[in-house]
Structures are given as C-alpha cells and as structure tokens.
Q: 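Before we start, here is the structure in question, set down as structure tokens.
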Amino acid sequence: MHSGILAEFPSEDALVRAWEELAREGYARVTSFTPYVVRRIAGPPATTAVLWIMLAAALLGGAGGYGLEWWCNAWSYPLDVGGRPFHAAVAFIPIAFESAVLASSVVGFFAMLIACGLPRLSHPVFEIDGFERATVDRFWIGVDDADPRFEEGVADALLRMGALRCERLGGPR
C-alpha cells in the first residue's frame, strides 16, 4: 500500500469491527498495521509460496548432492576401497541430506526477503505522525486507493466506524 487512506483505531475490537464492516461493503485491498497478530482478521499466511519454493530447493539440493557423490565415486574416479561397491547409496545419504538442508535454507532466506518486499528502506506510512505507535498500542487500517470500491468518502466512513483520525497516504489520487 503506497497510497490511500490510513485510519487509527484505539483498540483491537474497534479495528475488528471496522475491518468486518469494510469487508461487508466489499473492500478488498485493506491492510492492517497492529502491534501483534489479530487472529480475527488474519487470513492465510502470505508466505505459503515460500514453503513450496523451499521444498523444490531441498529436493534439487538433495538430488544435486547425491548426484555429485555418485558422479565422483561411481563414474568419474571409481576406486575399489575395501571391496565396497562404487555406488554405495547408504553412504551418500548424509551428504544428500545436508545438501538439501543447505539449499532449502539459502533459497528460503532469499525467497522470504522477496516475499516480504525487503529490503525496504523507506515507506510512505512512516511519514504519518503517530504511526510509530502501531508497534506499541495503536491499530491502523489502510484502504488502498487501487481498490475498486475506493471513493473519497471512505475517510468519513472510517471515522463513523470508530477511527480516531484518518490520514491521506501518498499524493492526491
């Protein structure tokens, strides 16, 4: 959300009531800024794609580690050590597992950064006076002006829903 209306609410209950009212009116691009997770308005986690990306990285990393060991020991430079087979699958499992963990964690780190939109050094919401209290004791709702239902009267509606104040975020529409 880079432009729209931001409304401050004094409590979690007031925020939830306003959120439900906005949902009933058909607003879809609504964002909340709260000091803790408010379960009554929290939807599914936005990072589910990161889990699938990490799974794919783990499978590829494990297969890559196993394949590298197989290529080195059974194909490129086979050595008969103690009568063991060139392709000793049981001996390859620890390295394959560690390769899967390494690939998954490295790819997951960068996927999470991208999913969260980081690094973000500045955001328009930080220019609003008093917004820093969103991490302490205030609850904020933002209605993006890209929402199809957005109109100039949304600020008045939010004030009727119990908002302490409304601020315009970004430039004029």
Side-chain angles (χ1 to χ4, degrees), residues 1-6 9 12 15-16 19-20 22-23 26-128 131-150 169-171:
M1 180 176 158
H2 293 285
S3 60
I5 298 291
L6 211 60
F9 289 88
E12 176 184 337
L15 175 96
V16 170
W19 184 278
E20 291 169 349
L22 288 171
Y27 288 93
R29 299 191 59 145
V30 180
T31 307
S32 65
F33 303 92
T34 60
Y36 51 84
V37 176
V38 178
R39 299 271 181 221
R40 294 184 283 172
I41 63 171
T47 58
T48 54
V50 173
L51 299 176
W52 290 107
I53 292 168
M54 288 178 68
L55 176 63
L59 294 174
L60 288 173
Y66 189 92
L68 179 65
E69 281 189 289
W70 173 84
W71 184 79
C72 289
N73 294 324
W75 181 260
S76 175
Y77 194 65
L79 284 175
D80 184 7
V81 178
R84 294 188 192 120
F86 297 136
H87 181 212
V90 175
F92 295 174
I93 290 174
I95 297 299
F97 174 76
E98 293 300 328
S99 298
V101 170
L102 177 65
S104 177
S105 60
V106 170
V107 169
F109 175 77
F110 289 107
M112 193 65 188
L113 283 179
I114 292 168
C116 292
L118 297 175
R120 183 184 313 156
L121 303 178
S122 177
H123 196 279
V125 296
F126 299 129
E127 297 173 11
I128 294 179
F131 185 77
E132 67 276 358
R133 292 186 65 188
T135 60
V136 180
D137 64 349
R138 289 290 189 224
F139 301 84
W140 294 77
I141 286 182
V143 180
D144 197 336
D145 65 0
D147 192 303
R149 298 254 318 139
F150 187 85
L169 184 65

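For the numbers below, each heavy atom of this structure counts, side chains included, while hydrogens, waters and symmetry mates do not.
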Q: Would you compute the distance between atom CZ of Phe131 and atom CZ of Arg138 and round it to the nearest 0.5 angstrom?
A: 13.0 Å

Q: Is any side-chain heavy atom of Val107 less than 4.5 Å from a side-chain heavy atom of Ile53?
A: yes

Q: I need the minimum non-hydrogen distance between Phe33 and Val125, along with the two atoms involved.
A: CZ-CG1, 4.2 Å

Q: Check for a donor-acceptor pair, side chain of Ser105 on one end and backbone N or O of Val101 on the other, with a separation under 3.5 Å.
A: yes

Q: Starting at CG of Leu6, measure out to CD1 of Ile141 and round the result to the nearest 0.5 Å.
A: 9.5 Å

Q: For a quick test of reading the model, state the closest non-hydrogen atom pair linking Ser76 to Pro78 and the distance between them.
A: C-CD, 3.7 Å

Q: Taking side-chain hydrogen bond (donor to acceptor under 3.5 Å, both in side chains) as the definition, give me every residue that meets it alongside Glu98, ordered by chain and number, with sequence neighbours left out.
A: none

Q: Just so I know, are the side chains of Pro35 and Phe139 near enough to count as touching, which here means a heavy-atom distance under 4.5 Å?
A: yes

Q: In Å and rounded to the nearest 0.5 Å, what is the OG to CG distance from Ser104 to Leu60?
A: 11.0 Å

Q: Answer with yes or no after comparing the ring centroid distance for Phe97 and Phe92 against a 6.0 Å cut-off, counting only values under it.
A: no

Q: Hey, does Ile128 have a side-chain heavy atom less than 4.5 Å from the side chain of Trp140?
A: yes

Q: Do Glu12 and Tyr36 touch side chain to side chain, with heavy atoms closer than 4.5 Å?
A: yes

Q: Could you state the interatomic distance from OG1 (Thr135) to CZ (Arg133), rounded to the nearest 0.5 Å?
A: 10.0 Å

Q: Determine the minimum heavy-atom distance between Ala91 and Pro94, stating which atoms define it.
A: O-CD, 3.5 Å

Q: With heavy-atom distances below 4.5 Å as the criterion, would you say the side chains of Leu169 and Ile5 are in contact?
A: no

Q: Quick one: does Phe86's side chain get under 4.5 Å of Leu79's, heavy atoms only?
A: no

Q: Do Ile41 and Ser32 come within less than 4.5 Å of each other through their side chains, counting heavy atoms only?
A: yes

Q: Would you name the heavy atoms of Ala111 and Val50 that are closest together and state the gap between them?
A: O-CG2, 3.9 Å

Q: Would you compute the distance between atom CG of Leu22 and atom CZ of Arg29 and round it to the nearest 0.5 angstrom?
A: 14.5 Å

Q: Determine the minimum heavy-atom distance between Gly61 and Ser99, stating which atoms define it.
A: O-CB, 3.2 Å

Q: Side chains of His87 and Trp70: closer than 4.5 Å at any heavy-atom pair?
A: yes

